[in-house]
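Here the structure comes first, spelled out in structure tokens, and everything after it is commentary.
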Amino acid sequence: MIMKVLTEADSIIEKILGKQEYEEGASYRLLSWCAFIYAGEDTLLHNYMTGKTVYVCDGEYHAENCPLSGFSSGLLKELVSDWFMVPEDTDDVRLLEELRSAMKLFDNKKGVNSYKILTTTDCNARCFYCYEAGIKKENMSDETAGKTVDFIEKNKGDGKVTLSWFGGEPMMNTRVMDIICDGLKEKGIEYASVMTSNGYLFDPDLIKKAVDKWHLKNIQITLDGTEDIYNKVKAYKDADRNPYERVIGNIEDLAYAGVRVNIRLNMGVDNFEDTMMLIDELVRLFSEDQNISAYVSGLFQETEKKDACLKKDLSGKLIAAGKKLAVIGLDRGRIKNLHTRTGGCMADNDDHLGISPSGALMKCEHHIYDRLAGSLNEGIDVAAADLWKKRMQEGKLCGSCPVRPVCYRIEGCPVSHPCDESEQREYILRKESQIIKNHEFINRKGTKNVDLTEVSGDEIC
């Protein structure tokens with residue numbers, strides 16, 4: 001039986017840890033942050049601490065039928081060397097936290113190169129679940145757009161700047177997008193952009209501008225269901241044609257123009273069957289378009305308003321829908337960052353800032369009027385920004401959770417909390433499906449185009 005490398009460990013983690021030395025006669029066990037995952041006839045072994053995945057080329061193999069004590073000495077040494085196995089007396093939690101501390105020392109980026117820019121807080125849709133419902137409607141002014149350019153020039157680090165257009169619906173104020181991009185170009189600042197949008201307001205001219213002027217590389221567009229459901233949920237104001245048909249057409253046109261479109265499928269407690277039908281529709285429309293992918297996201301806020309046991313039901317349905325997307329191949333691309341994390345999101349990342357329509361600097365798009373980190377006029381309030389870096393206290397299920405290294409949550413996050421059992425199960429299965437997806441992605445690509453280094457020729461059992 002031969003084990004081969006599917007995904008290499010993160011390069012920084014490899015530099016920090018080095019290779020673990022094997023001691024003859026020592027007693028070894030599997031690291032707590034490693035897991036066996038079954039992908040059809042293949043068995044994968046993933047290390048959530050380092051990010052390394054190996055797979056066993058034998059359909060007969062199952063971890064429970066092949067104890068670690070049955071590993072050949074050669075393979076055992078390889079697994080110890082790569083931190084899949086550790087001495088019995090290892091403190092796994094301490095090892096993980098020491099690694100996190102060391103990784104932060106490697107993160108020595110200077111400046112801010114990632115910006116989430118809210119062109120407006122207004123929106124042309126009226127989704128019932130929107131967390132921005134009821135906030136003041138405000139557009140960024142030309143003057144604030146100009147100040148944004150000056151701020152980016154002053155505070156950027158080396159390399160390309162990434163602009164993330166957000167709202168409200170960012171396409172309701174494309175004028176400031178033009179001003180910012182023209183300003184950066186005039187200053188010789190290289191940039192690219194991504195966007196979160198409902199996709200309705202695009203037309204052929206705006207798609208061309210998105211590519212040529214905004215340098216749009218990726219866009220997330222939400223679909224809430226099949227045609228009738230979608231049109232009811234979005235409840236667009238002043239819609240001049242069938243919104244669903246228009247958005248589907250824009251998705252196709254954006255992808256044709258070279259923009260990668262990631263479709264977010266919002267699923268609540270009542271629309272599972274409709275979501276599954278929507279997936280079938282997307283397969284019919286986009287199965288051959290490599291620039292279009294899809295993923296499913298749960299509207300868990302609905303479960304808080306109703307019977308709490310619905311959360312477990314929704315988690316199970318999310319898993320089923322995610323598996324369907326995987327089977328049909330719409331969750332395209334290879335998943336990265338399945339290794340130790342040192343931060344939660346943009347909020348605790350020094351390289352990222354949000355800019356509100358009024359010119360306030362924010363760390364979280366859920367907090368555009370409070371818990372701010374300065375302003376375009378006054379600059380970055382470092383002390384206020386650092387308040388977002390405090391980690392959330394761990395929950396009762398965190399202790400031995402195998403995906404602990406890739407789960408990092410910050411205190412005060414409006415959408416984060418310690419997992420209950422159903423949420424933990426959904427999170428673990430989601431990570432397993434991502435690892436399986438990487439395995440299937442490489443299988444589809446073939447071994448000629450990927451690094452599939454053989455680790456050992458020794459057989460197990």
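Just so we're clear, the structure is a prediction, and the values are computed from it rather than from any experiment. FYI, side chains are in, hydrogens and waters are out, and symmetry mates aren't considered; it's all heavy atoms of this structure.
- Residues passing the salt bridge (charged side-chain N to carboxylate O under 4.0 Å, His left out) test with Asp274, sequence neighbours excluded: none.
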Give every donor-acceptor pair under 3.5 Å between a side-chain atom in residues 229-236 and any protein atom, sequence neighbours left out.
residue: Tyr230; atom: OH; partner: Tyr236; partner atom: OH; Å: 2.7
residue: Asn231; atom: OD1; partner: Tyr244; partner atom: N; Å: 3.1
residue: Asn231; atom: ND2; partner: Glu227; partner atom: O; Å: 3.4
residue: Asn231; atom: ND2; partner: Asn242; partner atom: OD1; Å: 3.3
residue: Lys234; atom: NZ; partner: Tyr129; partner atom: OH; Å: 3.4
residue: Lys234; atom: NZ; partner: Asp224; partner atom: OD2; Å: 2.4

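- When each of Asp10, Asp82, Thr7 is checked for a side chain to side chain donor-acceptor pair (under 3.5 Å) with Lys52, only Asp82 meets the rule.
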Exercise. Would His417 and Glu423 count as a side chain to side chain donor-acceptor pair (under 3.5 Å) if you check the C-alpha gap in whole Å, the side-chain angles of each, and the deciding distance to 0.1 Å?
Worked result: CA-CA 10 Å; His417 56 271; Glu423 289 170 319; 2.8 Å; yes
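- For residues 243-253, every residue pair satisfying the salt bridge (Lys or Arg N to Asp or Glu O under 4.0 Å) rule, not counting sequence neighbours, is listed here: Asp240-Arg246.
- In this view, Glu14 satisfies the salt bridge (charged side-chain N to carboxylate O under 4.0 Å, His left out) rule with no residue, not counting sequence neighbours.
- Under the rule for a salt bridge (charged side-chain N to carboxylate O under 4.0 Å, His left out), the partners of Glu281 that lie at least two apart in sequence or sit in another chain are Arg284.
- For Tyr191 and His215, the gap between ring centers is short of 6.0 Å.
- Counting all heavy atoms, side chain and backbone alike, Ala385 lies closest to Ala373 at CB-CB, 4.0 Å.
- If you look at His439 and Tyr55, their ring centroids are closer than 6.0 Å.
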Problem set entry | Residues Thr90, Asp92; criterion side chain to side chain donor-acceptor pair (under 3.5 Å); working and verdict | CA-CA 6 Å; Thr90 299; Asp92 294 9; 5.0 Å; no
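- A donor-acceptor pair under 3.5 Å is absent between the side-chain atoms of Asp348 and the main chain of Gly343, judged by distance alone.
- Panel note: side chain Asn250, backbone Gly199; a donor-acceptor pair is recorded below 3.5 Å.
- A distance-only check finds a donor-acceptor pair linking the side chain of Tyr115 to the backbone of Val112 [under 3.5 Å].
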Problem set entry | Intermediate values then yes/no, ring pair (Phe, Tyr, Trp, His ring centres under 6.0 Å), His367 and Trp388 | CA-CA 11 Å; His367 291 272; Trp388 283 94; 5.6 Å; yes
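- Residues that satisfy the salt bridge (charged side-chain N to carboxylate O under 4.0 Å, His left out) test with Arg371, not counting sequence neighbours, are absent from this structure.
- For the pair Ser433 (side chain) and Arg430 (backbone), a donor-acceptor distance under 3.5 Å is present.
- Trp83 contributes atom CH2, which lies 11.5 Å from atom SG of Cys34 (distance to the nearest 0.5 angstrom).
- Of the charged side-chain nitrogens involved, none lies within less than 4.0 Å of a carboxylate oxygen, so that Glu394 and Arg409 do not count as a salt-bridged pair.
- Surrounding CD of Glu88 are more than 12 heavy atoms belonging to other residues, nucleotides or ligands, all under 6.0 Å away.
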